[in-house]
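Note on naming: letters A, B, ... go to the chains in the order of the sequence lines (proteins, then strands), and numbering restarts at 1 for each one.
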2 protein chains.
Amino acid sequence: MLRENRKKQTRESIIKHAIALFKQKGYENVTVEEITIACGIAKGTFFNYFPKKEHILLYITDTYMNRLNEVIQLHPEGSLKERVLHIFRELVMIYFKYPDLLGLTLEETIRSTVRTETESNNLRKFQTALAQLIDEEKENNERFKNWDSDTAASILVDIFIHTLLTQSASLHAETMMELFQRKLNIIWEGLAR
Amino acid sequence: MLRENRKKQTRESIIKHAIALFKQKGYENVTVEEITIACGIAKGTFFNYFPKKEHILLYITDTYMNRLNEVIQLHPEGSLKERVLHIFRELVMIYFKYPDLLGLTLEETIRSTVRTETESNNLRKFQTALAQLIDEEKENNERFKNWDSDTAASILVDIFIHTLLTQSASLHAETMMELFQRKLNIIWEGLAR
DNA sequence: ACATTAAAATGACCATAGTCATAATTGACC
DNA sequence: GGTCAATTATGACTATGGTCATTTTAATGT
């Protein structure tokens with residue numbers, strides 16, 4: 001299994017060096033060749049691991065979303081609204097680890113969502129996780145029974161992603177969280193009530 | 001003013017030929033040089049009009065959004081929810097004029113939103129228009145007074161854009177409209193009511 | 001008409017993402 | 001430990017987006 005180990009190592013090396021360089025010089029100012037030199041591999045090798053330069057950014061989101069279940073477990077208490085807000089906060093914090101890459105990363109996530117149409121994309125995973133949360137709440141709380149969980153979860157994802165996108169330039173986590181709060185208030189209580 | 005006329009002509013020629021070629025061969029398979037040849041201009045000239053190839057896609061959204069006020073006027077009757085649904089429907093129909101470009105166009109709109117941060121971008125315009133609609137409704141209808149119109153409008157844009165994005169691959173307008181309807185039902189009545 | 005200046009067009013040029021035929025490495029099997 | 005097949009690495013090469021110094025064209029003034 002030497003081969004598989006090497007592959008994993010190379011892959012991780014590429015990601016590590018690429019992100020380090022992106023942080024340092026900005027995504028656009030880093031060439032693929034530069035990344036491969038940092039890794040001590042040939043340029044062509046890069047494309048054996050990632051079909052396009054941008055796919056590294058996608059990987060970042062993968063990592064975030066892999067922590068999703070963990071993040072959901074972090075806040076098992078409180079009302080559904082509180083839990084959702086906590087989850088949003090955690091995800092925002094993770095995203096803010098690479099503030100300069102936030103916008104680009106989101107763009108790529110969206111792109112892949114548009115292009116793939118598959119169930120396996122990250123936003124779909126997020127939606128499924130939220131839908132499950134709503135389903136659980138339905139057991140305890142009559143008030144949620146009216147709605148299809150998946151549609152409701154989809155709204156939450158709509159709000160999360162698009163708010164993040166429009167706010168990503170200003171990069172202020174707390175402002176963003178306030179906006180989330182206000183939006184959740186509205187959809188919880190109903191726009192026309 | 002010969003100069004300005006020529007400029008306008010060239011600009012329009014580029015847009016016209018570019019979109020025709022995109023429809024015919026797909027965005028990725030059309031080179032800038034190809035576009036300029038079709039227009040009978042030099043390659044460099046293209047970049048005097050559009051800083052990047054992708055900016056042509058942005059122009060498409062500009063056109064759509066310029067029709068926004070017109071679209072809003074089209075349905076002055078009915079409840080707010082009905083009006084919003086009508087507006088969504090009209091916009092979806094406009095977008096579906098270039099079904100193959102829909103995804104790309106949206107991607108670019110989002111990109112520019114992320115990058116510019118200015119008030120002048122198209123999504124912001126959409127939001128402002130919707131906020132105004134909500135404000136008007138507030139005059140007649142007590143029930144909407146609780147909420148900040150801008151935040152509420154922002155939710156509607158979140159839903160519109162992100163639903164469009166996730167659904168753009170399947171390209172089925174009616175499915176999309178049904179989804180809009182379900183989502184609006186939820187946020188109108190309130191998720192937890 | 002001619003000269004001067006400003007705007008716009010041009011295309012040779014460059015940088016770099018991505019390809020691909022070839023070479024090197026690995027694992028399996030005898 | 002030698003042979004073969006499959007996998008992975010390599011880097012010369014190609015294609016194309018985008019730049020920029022130079023040239024052309026339009027507008028203004030005399």
Would you list the protein and nucleotides 16-20 of chain C atom pairs, both N or O, that sit under 3.5 Å from each other?
from: C/dA17; atom 1: OP2; to: A/Val32; atom 2: N; distance (Å): 2.8
from: C/dA17; atom 1: N7; to: A/Lys43; atom 2: NZ; distance (Å): 2.9
from: C/dG18; atom 1: OP2; to: A/Lys53; atom 2: N; distance (Å): 2.9
from: C/dG18; atom 1: N7; to: A/Lys43; atom 2: NZ; distance (Å): 3.4
from: C/dG18; atom 1: O6; to: A/Lys43; atom 2: NZ; distance (Å): 2.9

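- Salt-bridge annotation for B/Glu4 and B/Lys7: absent, with no side-chain N of the basic residue lying under 4.0 Å from a carboxylate O of the acidic one.
- Look at B/Glu107 and A/Arg115 and you find a salt bridge, because one of the NZ, NE, NH1 or NH2 atoms lies within 4.0 Å of a carboxylate O, short of that distance.
- Aromatic rings from A/Phe160 and A/Phe180 are positioned such that their centres are separated by under 6.0 Å.
- The OG1 atom of B/Thr175 sits 11.0 Å away from the CE atom of B/Met177 when rounded to the nearest 0.5 Å.
- Between B/Asn5 atom CG and C/dA9 atom P the separation is 13 Å, expressed in whole Å.
- Side-chain N/O atoms of B/Tyr49 include one lying less than 4.0 angstrom from OP1 or OP2 on C/dA9.
- The CZ atom of B/Phe50 sits 16 Å away from the C1' atom of C/dA9 (whole-angstrom rounding).
- A salt bridge links A/Arg89 to A/Glu174: at least one charged side-chain nitrogen sits closer than 4.0 Å to a carboxylate oxygen.
- Atom CD of B/Gln132 has 12 or fewer heavy atoms from other residues, nucleotides or ligands within 6.0 Å.
- Within the 4.5 Å cutoff, no side-chain heavy atoms of B/Ile186 are placed close to those of A/Ile187.
- Think of the region where chain A sits on DNA chain D: with heavy atoms and a 4.0 Å cut, that region ends 5' and 3' at D/dA6 to D/dG11.
- Evaluation of the side chain to side chain donor-acceptor pair (under 3.5 Å) test over residues 28-57 of chain A, restricted to residues two or more places apart or in two chains, returns A/Lys25-A/Glu34.
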Protein-nucleic acid N or O pairs under 3.5 Å, nucleotides 23-30 of chain C:
from: C/dT25; atom 1: O2; to: A/Arg3; atom 2: NH2; distance (Å): 3.1
from: C/dT26; atom 1: OP1; to: A/Arg6; atom 2: NE; distance (Å): 3.4
from: C/dT26; atom 1: OP1; to: A/Arg6; atom 2: NH2; distance (Å): 2.5
from: C/dT26; atom 1: O2; to: A/Arg3; atom 2: NH2; distance (Å): 3.4
from: C/dG27; atom 1: OP1; to: A/Leu2; atom 2: N; distance (Å): 2.8
from: C/dG27; atom 1: OP1; to: A/Arg3; atom 2: N; distance (Å): 3.0

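- Under the 4.5 Å side-chain criterion, counting only non-hydrogen atoms from C-beta, A/Leu74 is not in contact with A/His86.
- Taken residue by residue, residues 14-24 of chain A places no heavy atom nearer than 4.0 Å to DNA chain C.
- With sequence neighbours left out, the ring pair (Phe, Tyr, Trp, His ring centres under 6.0 Å) criterion links A/His17 to no other residue.
- Following chains of ILVMFWY side-chain contacts shorter than 4.5 Å, one cannot reach A/Val92 starting from A/Leu179, and the two form parts of different hydrophobic clusters.
- Between A/Thr151 and A/Trp147 there is no side-chain heavy-atom pair separated by less than 4.5 Å.
- One distance of note links OG1 of A/Thr109 with CG of A/Leu123; it measures 6.5 Å at 0.5 Å rounding.
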